[in-house]
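What follows is a single structure, written as structure tokens, with notes after it.
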Amino acid sequence: MAHYYTQGFPDDYVNPRGIPRVEFVTDPAEFLKKKDTTAEDILPSMRENYSKYKLMDYKLSQNKATLKEKIPEIKSTIEMLTYLAEKTESDGQMDVHFGIADTVFANAVIKKKPEHVGLWLGANVMVEYTVAEAIELLNHNLASATQNLERTIEDLAFLRDQLTVSEVNIARVFNWDVKERRKEKEAKGASTGAAK
């Protein structure tokens with residue numbers, strides 16, 4: 001995957017998840033002529049699109065934070081299961097120190113070789129797997145979460161570019177409209193003054 005978010009996005013880049021590119025307005029007069037509209041009519045839709053990009057940015061930022069929290073948890077669970085698999089191959093007992101809550105830990109001695117482990121899947125659901133199946137599932141989940149994080153980072157970078165372009169476009173069209181109104185007002189003032 002190309003790391004556009006560190007190098008910038010080329011002009012022909014198309015977001016694989018369908019986030020649309022904002023057209024940069026170089027000449028507001030030409031832009032409005034091409035759209036066959038006025039600044040007053042197009043500014044609300046430009047602001048609405050900007051709001052949509054801000055909402056997408058917010059949701060993707062939340063998703064990124066969730067993934068950044070989830071990946072270390074998956075890695076530590078894989079490490080623990082790998083340790084458990086290695087220890088169960090030797091027939092001795094195993095002393096463990098495990099977390100009951102955030103700040104509460106307990107010690108235990110496992111004498112019998114564990115054949116199955118329980119994995120929390122979320123929504124208060126725990127599923128029992130063999131140790132090998134659990135490691136395989138978690139490795140798959142880790143790869144998926146890592147890939148989703150990369151995609152989310154790419155999408156966030158692209159969105160932030162689009163937000164910047166949207167802000168600049170809104171400012172350019174608004175400022176152009178202000179200048180045109182000022183010119184019209186001055187022209188009316190000059191023609192009214194000449195008529196007197």
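- Checked by atom type and distance alone, the side chain of Asn141 never pairs as donor or acceptor with a backbone atom of Ile74 at under 3.5 Å.
- Atoms CG and CD1, from Leu142 and Ile71 in turn, are 6.5 Å apart once rounded to the nearest 0.5 Å.
- Counting heavy atoms from C-beta on, the side chains of Ile135 and Tyr129 never come closer than 4.5 Å.
- In this structure, Glu167 places its CD atom where more than 12 heavy-atom neighbours from other residues, nucleotides or ligands lie under 6.0 Å away.
- For the pair Arg160 and Asp57, the minimum side-chain heavy-atom distance is below 4.5 Å.
- Ring geometry for Phe158 against Phe9 counts as perpendicular: the plane angle is over 60°, on a 0 to 90° scale with 30° as the lower cut.
- Ser144 OG to Leu149 CG: the interatomic distance, rounded to the nearest 0.5 Å, is 11.0 Å.
- Within 6.0 Å of OH in Tyr50 there are more than 12 heavy atoms belonging to other residues, nucleotides or ligands.
- Between Leu163 and Lys54, the closest side-chain pair of non-hydrogen atoms falls below 4.5 Å.
- Apart from Tyr58 itself, the hydrophobic cluster it occupies contains nothing, where clustering links Ile, Leu, Val, Met, Phe, Trp and Tyr at side-chain heavy-atom distances under 4.5 Å.
- With rounding to the nearest 0.5 Å, the separation of CG in Asn169 from CG in Asn49 is 10.5 Å.
- Residues Tyr13 and Glu154 have side chains that bring a donor and an acceptor to within less than 3.5 angstrom of each other.
- Around the OH atom of Tyr83, the shell of radius 6.0 Å holds no more than 12 heavy atoms that belong to other residues, nucleotides or ligands.
- With contacts defined as side-chain heavy-atom distances shorter than 4.5 Å, the pair Lys64/Leu60 does not qualify.
- Put simply, the side chain of Arg21 never gets that close to the backbone of Val14: no donor and acceptor are under 3.5 Å apart.
- Ion pairing of Glu48 with Lys52 is present here, as a side-chain N (NZ or NE/NH1/NH2) and a carboxylate O approach within less than 4.0 Å.
- The pair Lys35-Glu30 does not meet the salt-bridge criterion, since no charged nitrogen lies less than 4.0 angstrom from a carboxylate oxygen.
- At least one donor-acceptor pair under 3.5 Å links the side chain of Gln162 to the backbone N or O of Val22.
- Remark: side-chain polar atoms of Thr152 are paired, donor with acceptor, to backbone N or O of Asn148 under 3.5 angstrom.
- Checking side-chain atoms of Asn63 against main-chain N and O of Lys59 turns up no donor-acceptor pair under 3.5 Å.
- At a threshold of 4.5 Å between non-hydrogen side-chain atoms, the residues Ile100 and Phe105 do not count as touching.
- Looking at heavy atoms from C-beta onward, Glu115 lies out of side-chain contact with Thr130 at the 4.5 angstrom threshold.
- Rounded to the nearest 0.5 angstrom, Leu119 CG and Glu133 CD are separated by 10.0 Å.
- In the hydrophobic clustering, Met126 connects to Trp120, either directly or through intervening members, whenever side-chain heavy atoms lie under 4.5 Å apart.
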- Message: Determine whether Leu156 and Ser61 satisfy the following criterion, side-chain contact (heavy atoms from CB on, under 4.5 Å), listing intermediate values before the conclusion.
- Response: CA-CA 7 Å; Leu156 275 169; Ser61 294; 3.6 Å; yes
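- The side-chain heavy atoms of Leu32 and Thr38, taken from C-beta on, include no pair separated by under 4.5 Å.
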- Stepwise, does the salt bridge (Lys or Arg N to Asp or Glu O under 4.0 Å) test hold for Glu186 with Lys183? CA-CA 5 Å; Glu186 288 172 0; Lys183 284 180 189 175; over 6 Å; no
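- To the nearest 0.5 angstrom, Ile19 atom CD1 is 11.0 Å from Asp161 atom CG.
- Under the 4.5 Å side-chain criterion, counting only non-hydrogen atoms from C-beta, Lys75 is not in contact with Met80.
- Side-chain atoms of Asp95 and Asn107 include no donor-acceptor pair closer than 3.5 Å.
- In this structure, the separation between CG on Asp41 and CG on Asp36 is 10.0 Å, given to the nearest 0.5 Å.
- The pair Glu184-Arg181 fails the salt-bridge criterion, with no side-chain N (NZ, NE, NH1 or NH2) lying under 4.0 Å from an Asp/Glu carboxylate O.
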